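Chain letters run A, B, ... following the sequence lines, proteins first, then strands; residues in each count from 1. Since this is a predicted model, take the numbers as computed values, not measurements.
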Protein chains: 2
Amino acid sequence: MKTRWDMQRRDESLSRENIIEASIALLDYGGEEGLTFRALSERLATGPGAIYWHIANKSDLLTAACDAVVARTMNEIVDTMPEGTIRAIALGLFEMIEVHPWIGSALTSAHGSSPALRILERIGQQIRTLLVPKEQQRTVVGTLMAFILGVSRQNAANRQLAREQNLDRAEFLEEVSIAWSKLDAKEYPFARSVAGQIRNHDDRTDFLTGIDLILTGIEAMRFRSVPQVRHSASRLR
Amino acid sequence: MKTRWDMQRRDESLSRENIIEASIALLDYGGEEGLTFRALSERLATGPGAIYWHIANKSDLLTAACDAVVARTMNEIVDTMPEGTIRAIALGLFEMIEVHPWIGSALTSAHGSSPALRILERIGQQIRTLLVPKEQQRTVVGTLMAFILGVSRQNAANRQLAREQNLDRAEFLEEVSIAWSKLDAKEYPFARSVAGQIRNHDDRTDFLTGIDLILTGIEAMRFRSVPQVRHSASRLR
DNA sequence: ACCTGAACACCGTTCAAGT
DNA sequence: ACCTGAACACCGTTCAAGT
């Protein structure tokens, strides 16, 4: 059952890098549940226990795999104008999570961890050149990150859902559109009203519109010398 | 080991509702890994198999638990002015996920599912009264939802992380602040520059600032008759 | 120092058997 | 119709034993 490739691979001794690369392959192929210590040790032609010599536990492994892919994605992005670069980063992450859907959830669990930090840094550097006031930079970057990861994760989840139901994109959207148009008219007027639009929308375009929405908000905020005071925050707490 | 309460509970026969309520309690207490069919059947004084008579599988159970909490949260929000209501919905969801961190991940996996739909509908109705052009409503609501859930999830994950390290909020932020200020100056200039701000920030305020950023963007967009054409989308694809 | 693989304590889920 | 609980096929992780 062992292919030439497997044997060759094992010629190199086991290393943290080997393990991470094999993990990424398993995750890409079988999703989060595709990564098990048994599958991993089989692919690496070793025992499950051996892996624990190089990595602490499964969570450590997931973060490391995540970090490797994020670092690669970030290195592929070339800087141009700040807004353009932000869009490129956004789209790069969107497509990364589309190809590696498991990254979405792996990335949540670590604000201080190194993959999330890479993204924060990259966006932050652009926001600085956009001349956003210093006190607002952190919030603005946080807003962009939350939005980018939120949409990308949702997009990946939808694709996953479609695949589970053995539908292509068009069929899946058709199903959702039909389901929404059949909702109760009193309780779900909005969902019904947009049901028709679902069919022909483009995920990337929607995503970039959202990014532009936020960039527009940033620009508008830049020209307000004093940050606006909102009473709702304290009133609603 | 059985308390009076447990016994009393079992007097009512098993039902889907019973099971969902018990699941929520387990999830709140022990997080996602706190919900197991063994713990659940013990709490309900029955066997693991009995549960399968009322629910399809664990995923079904999670969605149902999620839906129950989301429905409750949404019912608590009273409508006022559209912007105010959107902030109230946002903050309501933020606090909901803070109290029930497991909802964050449960909510991702289901764009068409009923908990996500409730949220979409509620926000959508407000966006309609804001007179956003019909073709942009879907995208705008999607933007808000992605942002709200993205930030809330991140916030819940941070709290979880702090708890795992047995730190209170202040200690945790202090740790992050110190870690960021020690990063490499060439590679992480932005993270270093905001390290100091981490210490004294308020999560809710940041969150509402982000919401306002998006609402500002929406307002600006409303006054453009023709939706702006972005070349980056096709250029970057 | 690094690897092996059996063993442990868990999972979700099924299903023959009961009432 | 609804419940029981043993059994199945998995998990992540540990650890004595090897090289």
*Asks:* Using atom types as modelled and distance alone, determine if a side-chain donor or acceptor of B:Asn75 lies under 3.5 Å from a backbone N or O of B:Ala71.
*Replies:*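 Checked: pair present.
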*Asks:* Side chains of A:Arg199 and A:Ser177: is there a donor and an acceptor less than 3.5 Å apart?
*Replies:*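 Note: A:Arg199 and A:Ser177 side chains meet the donor-acceptor criterion.
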*Asks:* Under a 3.5 Å distance rule, please check whether A:Ser193 uses its side chain to pair with a backbone N or O of A:Phe190 as donor and acceptor.
*Replies:*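 Yes, the answer is positive, given that a donor and an acceptor are paired below the 3.5 Å cut-off.
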*Asks:* Please check if any side-chain donor atom of A:Gln125 sits under 3.5 Å from a side-chain acceptor atom of A:Asp79, or the reverse.
*Replies:*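 A:Gln125 vs A:Asp79: no donor-acceptor pair found between side chains.
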*Asks:* Distance check needed: D:dA1 P versus B:His54 NE2, whole Å only.
*Replies:*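 For the pair B:His54 NE2 and D:dA1 P, the rounded distance is 13 Å.
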*Asks:* Identify the pairs formed between an N or O of the protein and an N or O of nucleotides 10-13 of chain C at a distance under 3.5 Å, and give each distance.
*Replies:*
{"unit_1": "C:dC11", "atom_1": "N4", "unit_2": "B:Arg38", "atom_2": "NH2", "d": "3.3"}
{"unit_1": "C:dG12", "atom_1": "OP1", "unit_2": "B:Leu35", "atom_2": "O", "d": "3.4"}
{"unit_1": "C:dG12", "atom_1": "OP1", "unit_2": "B:Lys58", "atom_2": "NZ", "d": "2.6"}
{"unit_1": "C:dG12", "atom_1": "OP2", "unit_2": "B:Phe37", "atom_2": "N", "d": "3.0"}
{"unit_1": "C:dG12", "atom_1": "N7", "unit_2": "B:Arg38", "atom_2": "NH1", "d": "2.7"}
{"unit_1": "C:dG12", "atom_1": "O6", "unit_2": "B:Arg38", "atom_2": "NH2", "d": "2.7"}
{"unit_1": "C:dT13", "atom_1": "OP2", "unit_2": "B:Tyr52", "atom_2": "OH", "d": "2.7"}
{"unit_1": "C:dT13", "atom_1": "OP2", "unit_2": "B:Lys58", "atom_2": "N", "d": "3.0"}
{"unit_1": "C:dT13", "atom_1": "O5'", "unit_2": "B:Tyr52", "atom_2": "OH", "d": "2.9"}

*Asks:* Using a strict 4.0 Å threshold on nitrogen-to-oxygen distance, state whether A:Arg16 and A:Asp60 make a salt bridge.
*Replies:*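 A:Asp60 and A:Arg16: salt-bridged.
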*Asks:* Indicate whether the side chain of A:Glu32 and that of A:Ser105 have a donor and an acceptor atom separated by less than 3.5 Å.
*Replies:*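 The answer is yes; a qualifying pair exists.
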*Asks:* Starting at CD1 of B:Ile51 and ending at P of C:dC15, how long is that distance when rounded to a whole Å?
*Replies:*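 The distance from CD1 of B:Ile51 to P of C:dC15 comes to 17 Å, rounded to the nearest Å.
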*Asks:* Salt-bridged, B:Lys58 to B:Glu33, with N to O below 4.0 Å?
*Replies:*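 The answer is no: the pair does not qualify as a salt bridge.
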*Asks:* Could you tell me whether the phosphate oxygens of D:dC2, OP1 or OP2, come under 4.0 Å of any side-chain nitrogen or oxygen in B:Trp53?
*Replies:*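 Indeed, a polar side-chain atom of B:Trp53 lies that close.
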*Asks:* Distance between the C1' atoms of D:dA17 and C:dC2, in whole angstroms?
*Replies:*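 Those two atoms are separated by 13 Å.
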*Asks:* Can you tell me the distance, in whole Å, between the CZ atom of B:Arg16 and the C1' atom of D:dA1?
*Replies:*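 The answer, rounded to whole Å, is 17 Å.
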*Asks:* For A:Ile198, is there any backbone N or O sitting under 3.5 Å from a side-chain donor or acceptor partner on A:His201?
*Replies:*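 Checking the backbone N and O of A:Ile198 against the side chain of A:His201, a donor-acceptor pair under 3.5 Å is found.
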*Asks:* Give the rounded distance in Å between these two atoms: CG of B:Asn18 and C1' of D:dC3.
*Replies:*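 Between C1' of D:dC3 and CG of B:Asn18: 14 Å.
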*Asks:* Could you give me the stems involving DNA chain C, meaning stretches of three or more consecutive Watson-Crick or G-U wobble pairs whose two defining distances are both below 3.5 Å?
*Replies:*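 Ordered by first number, the stems with DNA chain C (at least 3 consecutive pairs each) read C:4-8 with D:12-16, C:12-16 with D:4-8.
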